[in-house]
Every structure is written in C-alpha cells, then in structure tokens.
Amino acid sequence: MLTKRIIPCLDIKDGRTVKGINFEQIRDAGDPVELATIYAKEGADELVFLDITATNEKRKTLSELVNKIAHHINIPFTVGGGINSVEDVQVLLKNGADKISVNTAAFKKPDLINELALAFGSQCVVLAIDTKQEVDGNWYVYLNGGKVKTNTLCFDWAREAVDRGAGEILLTSMNNDGTKKGFALDITKQLSVSLPVPIIASGGAGNKEDFAAVFQEAQADAALAASIFHFKELSVPELKKYLSEQQIPVRL
Amino acid sequence: MKTVIIQYNAGNIQSVLYALERIGCTADVTDNPEQIIQADKVIFPGVGEASTAMSYLKNRNLDQVIVNLKQPVLGICLGMQLMCRHSEENNTECLGIFNEKVSKFTPVEGVNKIPQVGWNTIENLKTPIFNGIKESAFCYYVHSYYASIGNDTIATTQYGIRYSAALHRNNFYGVQFHPEKSAETGEQILKNFIAL
C-alpha cells in the first residue's frame with residue numbers, strides 16, 4: 001500500500017542549514033548533509049532543501065551542496081529556491097537532485113512548467129504555492145516568499161499548473177505557517193480531492209495530531225514541516241509510530 | 001569486476017552511480033557498445049518517456065546490444081519497462097526481453113493520483129536479488145505505467161491493481177521501483193545484484 005510521506009524541510013543559506021522562527025532570528029544550524037543524513041536514518045520519506053539566498057552568486061554553492069547531498073543520502077530529495085530556467089534545473093538534476101520546486105518564476109512565466117515537464121518529466125517538477133486566505137474567504141496566491149499578493153485563486157493556479165505538467169503541488173498556507181496550530185485542512189482537501197497529482201501540505205505543524213488530521217481529514221499525500229523537527233519537538237520515528245497507531249499507512 | 005551504467009537520454013543516472021558508490025562499487029557510465037558488452041554487470045536506468053528512449057537506443061544500435069547481453073543486467077523503472085514486450089506509452093514496441101506488457105494506471109476508487117509517487121511495499125519476492133529483503137519491505141516509486149503480472153514476475157506491488165514490482169528472465173532483471181532511492185532496502189537489492 002502506498003504510504004503517506006513525512007518530509008522534513010531544510011532551509012539553506014550560503015550552503016549552511018539555518019533555523020529561524022517566522023524568518024526571524026535566523027541562526028546557523030550546521031551542515032545540511034549531516035542533518036539530512038540523520039533525518040534519512042530516522043525514517044524521513046523524502047527531504048526538501050529550500051535555498052533562501054538563491055542569488056546568482058550563490059548558485060554554485062548550492063549545486064556543490066546538492067552534489068554532496070546526493071552522494072550521502074539514500075532517499076529522494078527536492079531542491080527549491082530561486083529557480084528560473086531549464087538551465088537552472090539541469091544543473092541541479094545533474095548534481096543528483098531528484099526533483100526541483102518552482103514558485104514565483106513559474107507564476108510569472110507559466111510556460112516554464114511546460115518546458116520543465118517536457119525536458120525532465122513531470123515527476124521531477126514540484127510546483128510550490130504560498131497561499132493566504134483573505135477576509136473574503138478565498139485563498140489567493142502570494143509570490144516572493146509571501147511578500148507579494150496576487151489576485152489569482154490558489155485553486156485556479158494549482159489546476160493550471162497541473163495541466164501544464166506539474167507533477168506535485170507543495171502547498172504552504174501562510175495563515176498557518178509558524179502558528180503550530182495545525183495545517184490548513186480546507187484548502188489542502190480542496191486541492192487533494194480535485195487534482196490528479198499528489199499534494200504536499202505545509203505550514204502549521206505543531207504536534208502529531210496535526211499530521212493525522214492533514215492525512216485523514218484533508219487527504220494530503222505528504223506533509224512537510226521544518227521547525228517541529230529541527231527543534232526536536234517531535235521526532236520522525238515518534239510521529240510515524242503515532243500515525244501507524246491511527247491506521248494511517250506510513251513506512252516504518 | 002566491471003560494472004557499467006548505460007548512458008542514454010534518460011534521467012537518474014547520477015543517482016544510480018552515487019548509490020553504487022555508497023555500497024562500495026565503482027561504475028562507468030557509457031554508451032559505448034564494446035564497453036557495455038565487456039562489463040561484468042550492466043545497469044540500465046531510466047526516467048522519461050518510452051518512445052523517445054527507444055528511438056534513442058535504436059539509433060545507436062543499443063537495442064541489439066542490450067538484448068544480446070549475457071551477463072547480469074538490471075533495468076530500473078523505465079529501463080525495466082523498455083525490457084518488456086510493449087508499452088502503452090505512445091504505443092511503443094520495446095525490447096521484448098520480458099513477455100509482460102506495460103499499461104497506464106487507470107484511476108480507481110481510493111487511488112486517484114497518477115503518477116504513483118512514494119513508498120510502497122513489495123510482496124511475493126523471488127530470486128536471489130531479494131536475498132535478505134523481508135516481504136512487504138518498502139521501496140520508492142515514481143511511475144504512471146506498470147508491467148502486468150506474468151511468468152517473469154519476481155515481486156509484486158499493489159496500487160489500485162496488483163502489478164509487477166520486479167521481473168526476471170535468464171540473466172535479465174528489472175525493478176519498477178528505484179533501488180537507488182529506496183534507503184537500506186534498495187542498497188541491499190543493489191548489493192545482491194552486484195553479487196550475482
């Protein structure tokens with residue numbers, strides 16, 4: 001039986017892991033390869049590396065890091081942050097990344113998704129969406145790490161991206177991110193039941209019950225979290241044991 | 001002991017190379033027929049689309065090279081599918097090493113996501129390639145097409161329907177999952193192949 005995936009996310013700045021709370025108080029958290037290896041050993045199903053510097057000068061640092069990660073870890077991993085072109089993706093895949101995630105650049109130039117799917121296959125194209133529910137009750141797409149609002153509905157953009165060849169959706173709710181009060185169940189469920197690709201829920205994980213809810217109620221295919229794992233509030237084995245007890249299929 | 005990975009226009013070659021390094025095996029990546037024929041072990045990887053991959057192989061005469069290999073050969077994912085008789089993916093005639101045919105998943109109740117992405121269990125394990133692997137061990141899959149169950153089936157997986165997780169005929173092996181991304185289970189399977 002296909003299992004639900006638990007995906008720790010590592011933020012990378014200048015080739016190092018950083019930890020922060022709501023992007024405040026960012027501090028060095030060590031070697032990403034070491035941390036990734038620990039997560040892989042603990043039973044994480046995949047990893048996501050998000051380069052939060054992602055400037056052109058630092059891109060070489062990132063591809064070298066990706067190469068090092070690919071040598072060391074024996075589970076799939078996705079790399080995202082500042083990806084703008086087929087060439088950007090080529091470098092990351094050649095260095096051993098399994099998938100890449102695109103966000104703002106794809107929204108600004110949707111053909112990028114078609115180009116990437118054609119060149120590398122949908123299986124390696126993850127569309128990341130940052131979304132926020134406004135007072136009108138609708139979920140809108142935000143760009144540039146949540147700084148820029150658009151008038152496009154999250155669901156419309158997700159559907160268009162899937163039609164263009166995105167193979168998975170990484171959905172982050174800005175309302176929930178950093179709150180530790182649980183994932184955004186309604187928008188996650190709307191996407192998961194309507195779209196034919198896996199949905200990775202992100203933002204708001206505060207305890208193991210939140211993961212159970214996003215899998216059972218919102219029917220997410222995978223759940224991503226960062227701080228809850230980094231700050232050791234919850235370990236991957238502990239989480240998976242709990243989910244298994246709740247009859248949620250996980251890899252043990 | 002010489003292991004080669006067949007170089008062609010399909011992804012995941014680096015991942016396979018690195019996974020072999022992790023189990024202490026060096027390999028060359030090549031599309032040179034002589035080098036492939038002389039190797040002790042041949043790995044035929046692949047992520048991509050069937051008809052494009054088959055034309056690429058045919059244009060370089062690699063299709064004939066592969067079917068005539070006598071040493072152990074391991075096809076991975078698309079590599080395994082190309083070793084089957086026929087693929088529904090753009091109606092492609094494949095290498096015909098395995099008698100099974102490759103079809104696209106159709107959505108059924110409870111299984112509406114295609115491709116299948118993630119960790120699933122392997123059952124009904126046969127042949128030494130699964131030495132030391134427990135029934136229902138987890139492997140990592142990414143695929144939209146699957147091989148049917150037939151005489152060559154040496155492992156099965158359930159995703160909506162039950163299909164071939166692995167195939168074997170003579171010196172040829174194929175796995176639908178990605179051993180290079182399947183943690184310790186995958187590493188053991190690669191070790192078993194190298195030890196054949």
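So that the names make sense, note that chain A is the first sequence line, chain B the second, and so on, each numbered from 1. The model shown is predicted, which means the values in this text are computed figures rather than measured ones.
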**Residue T121(B) versus chain A: region with a heavy atom under 4.5 Å** =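 T121(B) touches chain A through backbone and side-chain heavy atoms alike.
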**Asked** Checking A19(B) against chain A: side chain, backbone, both or neither under 4.5 Å from a heavy atom?
**Response**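 Contact with chain A: none, neither part.
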Under a 4.5 Å cutoff for heavy-atom pairs, which residue among [options] has the most contacts with chain B?
| options | value |
| --- | --- |
| D98(A), L195(A), V193(A) | D98(A) |
| E168(A), Q123(A), Q219(A) | Q123(A) |
| C124(A), P196(A), S122(A), G167(A) | P196(A) |
| V250(A), T3(A), N67(A), N95(A) | T3(A) |

**Asked** Within the side chain of K113(B), is there an N or O that forms a donor-acceptor pair under 3.5 Å with the backbone of S192(A)?
**Response** yes
For the atom pair [atom1] ([X]) and [atom2] ([Y]), what is the distance rounded to the nearest 0.5 Å?
| X | Y | atom1 | atom2 | result |
| --- | --- | --- | --- | --- |
| H71(A) | L17(B) | NE2 | CG | 7.0 Å |
| W119(B) | R251(A) | CH2 | CZ | 4.0 Å |
| Y18(B) | K68(A) | OH | NZ | 13.0 Å |

**Asked** Where along residues 139-146 of chain B does a heavy atom come under 4.5 Å of chain A, listed by residue number?
**Response** Y140(B), V142(B)
Under 4.5 Å heavy-atom distance to chain B, tell me which part of [X] shows up: side chain, backbone, both or neither.
| X | answer |
| --- | --- |
| A40(A) | neither |
| I199(A) | both |
| D221(A) | side chain |
| K4(A) | neither |

**Sub-4.5 Å side-chain heavy-atom contact between K181(B) and F77(A)** = yes
**Message:** Counting C-beta onward and ignoring hydrogens, is there a side-chain heavy-atom pair between N74(A) and E184(B) closer than 4.5 Å?
**Reply:** yes
**Pairs of heavy atoms under 4.5 Å with chain A: top-ranked of H178(B), E21(B), R22(B), E187(B)** = R22(B)
**Request:** Name the option with the most non-hydrogen atom pairs under 4.5 Å to chain A; the candidates are E180(B), Q116(B), E123(B).
**Result:** Q116(B)
**Asked** Does a sphere of radius 6.0 Å around CG in N61(B) hold more than 12 heavy atoms from other residues, nucleotides or ligands, not counting ones at 6.0 Å or beyond?
**Response**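 Yes, the 6.0 Å shell around CG holds more than 12 heavy atoms from other groups.
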**For L2(A), the option from V117(B), N120(B), T157(B) that meets side chain to side chain contact (heavy atoms under 4.5 Å, CB included)** = N120(B)
